[in-house]
Amino acid sequence: MQHRIKARKALSVPAPHIDKDEAILSSFLSDAAHVPGGFADGVAFPHNEAEVASLVASATRVLPVGAQSSLTGGATPRGEVVLSTRALSTISSPAGDSVRVGAGVPLKELQRVLAAVGLYYPPVPTFDGAFVGGTIATNAAGAATFKHGATRRWVNAVTIVLADGDVLDVTRGDTVASRDGWFEVESTTSEVRRVPVPRYVMPDVPKLSAGYYAAPGMDLIDLFIGAEGTLGVVVEATLKVVARPRRVAALVRCTDDSQAVALTAALRREAQAAWLGRGPLDVAAIEYMDTRALRAVPDDAFNRAGVARPSGQSVMLLLQIEIGSDEESALAQLQSVLTSAAIEDDPYLALPGDDRGAERLFNLREAVPSSVNAIVAAAKQAHPDVEKTAGDMVVPFGRLAASIDLYRSTLARHGLDYAIWGHVSDGNLHPNVVPHTFDDVRRGREAILEIAREVVAMGGAPLAEHGVGRSALKQQLLQELYGREGIDQMRAVKRALDSEWKFAPGVLFAP
Ligand SMILES: Cc1cc2nc3c(=O)[nH]c(=O)nc-3n(C[C@H](O)[C@H](O)[C@H](O)COP(=O)(O)OP(=O)(O)OC[C@H]3O[C@@H](n4cnc5c(N)ncnc54)[C@H](O)[C@@H]3O)c2cc1C
């Protein structure tokens with residue numbers, strides 16, 4: 001096994017034009033976290049690896065961005081040149097079970113191209129406008145991580161432009177850490193940089209986007225996946241793909257949290273049996289929306305979905321079920337599980353081929369974050385300092401019920417309005433403060449920090465899928481997870497690969 005990788009030179013081309021026109025630049029100054037005050041030294045749209053390399057080599061500070069759907073402020077510039085990847089938009093013809101894709105391809109577009117040949121890329125976050133490069137940089141996960149895992153598992157190779165403009169072709173299996181914990185990167189000028197593998201132990205959870213991946217004997221590719229643009233620009237990637245599954249979506253009303261947790265546990269058991277060929281009910285994802293989250297959703301969103309607003313303490317679960325040849329057995333088994341869990345209402349179903357029906361149900365799920373975001377935006381009108389204040393917690397599934405109690409009791413003790421939703425089949429929920437004043441935001445941050453400490457004590461993590469970015473709170477959570485020493489070990493990686501702190505300075509940790 002090799003511990004050293006050799007960089008190559010990109011073709012020599014002029015750097016792409018850096019646009020400083022305010023009208024163009026203004027649409028690149030924030031991301032989905034809506035943190036105010038973004039500013040940039042221009043924006044460039046390289047079309048290929050050579051232009052990326054040329055731009056990076058000549059710039060002092062660079063922030064690579066994709067669709068800027070980051071929820072952490074990581075794609076909000078703070079004076080850098082914004083390197084928009086949107087013109088890196090090539091998709092090669094899928095070959096076997098893989099496809100070579102430019103970093104700037106939106107996942108929705110990738111799925112469209114794959115669907116035409118009966119293929120599918122499973123690890124999609126809820127927002128499918130995210131770009132391939134952005135999802136690799138954040139190790140994005142989503143609803144179906146329960147069955148398919150996070151982005152990391154699906155990336156076979158990446159082409160990376162390093163801070164000096166050198167190019168690395170990193171293929172899974174080619175370069176692994178030495179026994180005493182380092183990689184070596186040999187530059188095109190024969191300089192050898194030793195990159196130390198951090199020594200912290202990552203929590204054993206199904207999804208994690210919490211700084212640099214680290215494990216004994218790890219693959220070099222895993223260092224770049226989830227690095228949030230701090231180590232290099234992802235220019236292209238080779239992704240694994242699968243045959244497009246036929247899917248059923250089912251929306252189920254549960255009378256309360258405990259019924260929802262018990263049903264989720266039963267469905268997970270069914271799914272795990274199905275994956276071993278011992279049952280027909282192949283559940284790929286279960287999404288949870290709590291009473292308060294549903295309350296935030298306006299009536300017209302329920303009407304558009306054709307779903308009755310649930311009453312009392314009801315919560316809802318949205319299931320994605322992958323259907324093999326025996327659709328009838330899968331649906332019969334679903335009914336049997338729902339009956340055993342004492343579910344009172346028939347589920348709302350969208351059967352395979354009913355794409356419109358499925359979209360209506362998914363839109364209702366999407367209405368939850370957008371309705372809460374609208375409340376935050378309205379509060380911001382009166383109190384400009386108000387901002388989204390939310391957790392991205394993951395716990396081992398056995399601690400799910402305890403984690404929901406923890407979120408509710410902590411947020412209530414701080415006197416906060418809140419809503420909870422997320423990817424419950426992974427134990428990954430998003431407790432969101434619904435702030436009405438800046439004081440709510442302040443107390444919300446304290447509550448999230450308290451929750452994070454307990455979640456870490458449960459063997460979970462407070463940074464499941466959205467990453468760390470430039471959020472002061474999330475950077476504090478990263479330190480809760482790995483301690484100061486862990487952050488210093490990450491800094492050592494950064495220094496080895498980007499000694500001048502050219503890429504995304506202030507993302508993950510302070511320079
Ligand atoms: C409504 C909504 C729902 C969401 N749901 C989910 C979800 O279910 N799961 C989830 O994981 N996330 C979710 N997100 C967050 C977001 O979509 C993901 O983090 C996504 O992976 C970001 O992709 P992007 O292309 O928008 O990247 P950006 O937001 O543009 O960038 C994110 C980070 O990656 C870096 N980066 C971007 N492109 C590159 C590149 N080519 N090379 C190197 N670094 C790069 C940036 O510097 C930045 O630090 C959601 C966001 C929204 C708005």
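In listed order, ligands and their atoms are each counted from 1. Note that the numbering runs from 1 along the sequence shown for the chain.
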Kindly determine whether F509 and Y482 satisfy ring pair (Phe, Tyr, Trp, His ring centres under 6.0 Å), including the steps that lead there. CA-CA 12 Å; F509 38 73; Y482 294 135; over 10 Å; no
Would you name the heavy atoms of D498 and T230 that are closest together and state the gap between them? OD2-O, 3.7 Å
So which protein residues pack against ligand 1 under 4.0 Å, heavy atoms counted? A32, L63, P64, V65, G66, A67, Q68, S69, S70, L71, G74, A75, T85, A103, P125, T126, F127, A130, F131, G133, G134, T135, A137, T138, A140, A141, G142, E228, G229, G232, V233, V234, H423, E465, H466
Residues two or more places apart in sequence or in another chain: which of them pass side chain to side chain contact (heavy atoms under 4.5 Å, CB included) with T126? R365, E366, H423
Those residues that, when tested against D222, pass salt bridge (Lys or Arg N to Asp or Glu O under 4.0 Å) (two or more places apart): R152, R172
Aromatic plane relationship, W275 with F146 - under 30° parallel, 30 to 60° tilted, over 60° perpendicular: tilted
Can you list everything that forms a salt bridge (Lys or Arg N to Asp or Glu O under 4.0 Å) with E51? Sequence neighbours excluded, please. none
